[in-house]
Amino acid sequence: MFVATASVSAALESDEAGIVSTLTTSLTPILDGLPVFAFYFISLFLLWAMTQFAHNLVLAMVLTPTLCQFCVMVGGNPLVLIAGISACAQAAYATPGASSPGAVFHGNSEWFTPKQAYFYGISGSLLGFLVFIVLIPVAELIF
């Protein structure tokens, strides 16, 4: 799975695709000049929200270099951002397509009803995101 994901990511990052340049152009007005904590929150929230519907590994591979450049621009620590990207990419449980574990508990009706699967998936994913946001000051001290 990683080999397939890496090739898709490489294709998305290529200059011919224009994805990275489009992201940079569209994110610059939003993220430029933000306070560091607001930058962490907004960029990680966007990644967390996107990873609920798209492949988390591809998003992490494509967005990490771009977001790290913005992080340095606003005066943040790229190691804290990378730890946040890792945490947010792994908190993909809200929809069946978000991740393999998400597909397991959304697809097994013996464990959860569909309504319960969405409730617990969204709640658990949001809780994971919020825990990391609360721990950003600790990450700043560690890294």
Side-chain angles (χ1 to χ4, degrees), residues 1-108 111-112 114-143:
M1 187 164 118
F2 184 76
V3 172
T5 301
S7 62
V8 169
S9 176
L12 290 175
E13 289 177 334
S14 72
D15 291 336
E16 294 84 26
I19 302 291
V20 174
S21 61
T22 302
L23 281 171
T24 303
T25 303
S26 61
L27 290 176
T28 298
I30 298 169
L31 300 177
D32 192 29
L34 284 176
V36 176
F37 185 81
F39 166 78
Y40 288 143
F41 183 84
I42 291 171
S43 60
L44 293 175
F45 181 79
L46 290 173
L47 178 78
W48 172 82
M50 286 188 291
T51 201
Q52 301 309 316
F53 303 100
H55 195 290
N56 53 5
L57 187 59
V58 171
L59 286 172
M61 290 176 75
V62 170
L63 291 178
T64 298
T66 305
L67 289 177
C68 282
Q69 290 174 354
F70 281 110
C71 187
V72 170
M73 277 183 5
V74 299
N77 184 344
L79 294 175
V80 172
L81 180 67
I82 290 170
I85 288 171
S86 177
C88 289
Q90 295 306 315
Y93 305 114
T95 63
S99 65
S100 298
V104 168
F105 69 79
H106 280 276
N108 193 337
W111 295 350
F112 301 108
K115 183 178 179 181
Q116 289 174 321
Y118 279 106
F119 174 76
Y120 292 126
I122 292 169
S123 300
S125 181
L126 188 59
L127 182 63
F129 169 74
L130 293 175
V131 165
F132 186 80
I133 293 299
V134 168
L135 292 176
I136 283 177
V138 175
E140 286 278 350
L141 291 173
I142 292 172
F143 300 116

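If you read the sequence from its start, that first residue is 1, and numbering goes on from there.
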Q | Minimum-distance pair of heavy atoms, taken over all atoms of Ile30 and Ser26 | A | CD1-O, 3.7 Å

**Q.** Heavy-atom pair with the smallest gap, counting every atom of Val74 and Leu31
**A.** CG1-O, 3.6 Å

Q: Output the distance between atom CG (Leu81) and atom OG (Ser86), rounded to the nearest 0.5 Å.
A: 11.0 Å

Q) Pick one: which of Phe41, Phe132, Phe129 meets ring pair (Phe, Tyr, Trp, His ring centres under 6.0 Å) with Trp48? A) Phe129

Q | Contact summary for Tyr40 and Asn77, nearest pair of heavy atoms | A | OH-N, 2.8 Å

Q. Once you round to the nearest 0.5 Å, how far does SG of Cys88 lie from CG of Leu44?
A. 4.5 Å

Q: Report the C-alpha separation of Glu140 and Val36 in whole Å, then their side-chain angles, then the decisive distance to 0.1 Å, and conclude whether the side chain to side chain contact (heavy atoms under 4.5 Å, CB included) test is met.
A: CA-CA 11 Å; Glu140 286 278 350; Val36 176; 4.2 Å; yes

Q) Between Tyr93 and Ser99, is a side chain to side chain contact (heavy atoms under 4.5 Å, CB included) present by the stated rule, with each step listed? A) CA-CA 6 Å; Tyr93 305 114; Ser99 65; 4.0 Å; yes

Q | Derivation and outcome, side chain to side chain contact (heavy atoms under 4.5 Å, CB included), residues Phe70 and Thr28 | A | CA-CA 8 Å; Phe70 281 110; Thr28 298; 3.4 Å; yes

Q | From Ser43 atom OG to Leu63 atom CG, the distance as rounded to the nearest 0.5 Å | A | 9.5 Å

(Q) Counting neighbours of CZ on Phe45 that are heavy atoms of other residues, nucleotides or ligands and sit closer than 6.0 Å, is the number greater than 12? (A) no

(Q) ring pair (Phe, Tyr, Trp, His ring centres under 6.0 Å) for Phe105 and Tyr118? Distances and angles first, verdict last. (A) CA-CA 9 Å; Phe105 69 79; Tyr118 279 106; 9.2 Å; no

Q | Minimal non-hydrogen separation, Pro78 against Cys68, with atom names | A | CB-SG, 4.2 Å

Q: State, to 0.1 Å, how close Ala94 and His106 come at their nearest heavy-atom pair, and which atoms those are.
A: O-NE2, 3.3 Å

**Q.** From CE (Met61) to CD1 (Ile85), nearest 0.5 Å
**A.** 12.5 Å

Q: For the pair Phe112 and Tyr120, evaluate ring pair (Phe, Tyr, Trp, His ring centres under 6.0 Å) and give the outcome as yes or no after the intermediate values.
A: CA-CA 9 Å; Phe112 301 108; Tyr120 292 126; 5.7 Å; yes

Q) What's the spacing between Phe39 CZ and Leu34 CG if we round to 0.5 Å? A) 8.0 Å

Q: Any chance you could measure Ile82, atom CD1, to Leu67, atom CG, to the nearest 0.5 Å?
A: 10.0 Å

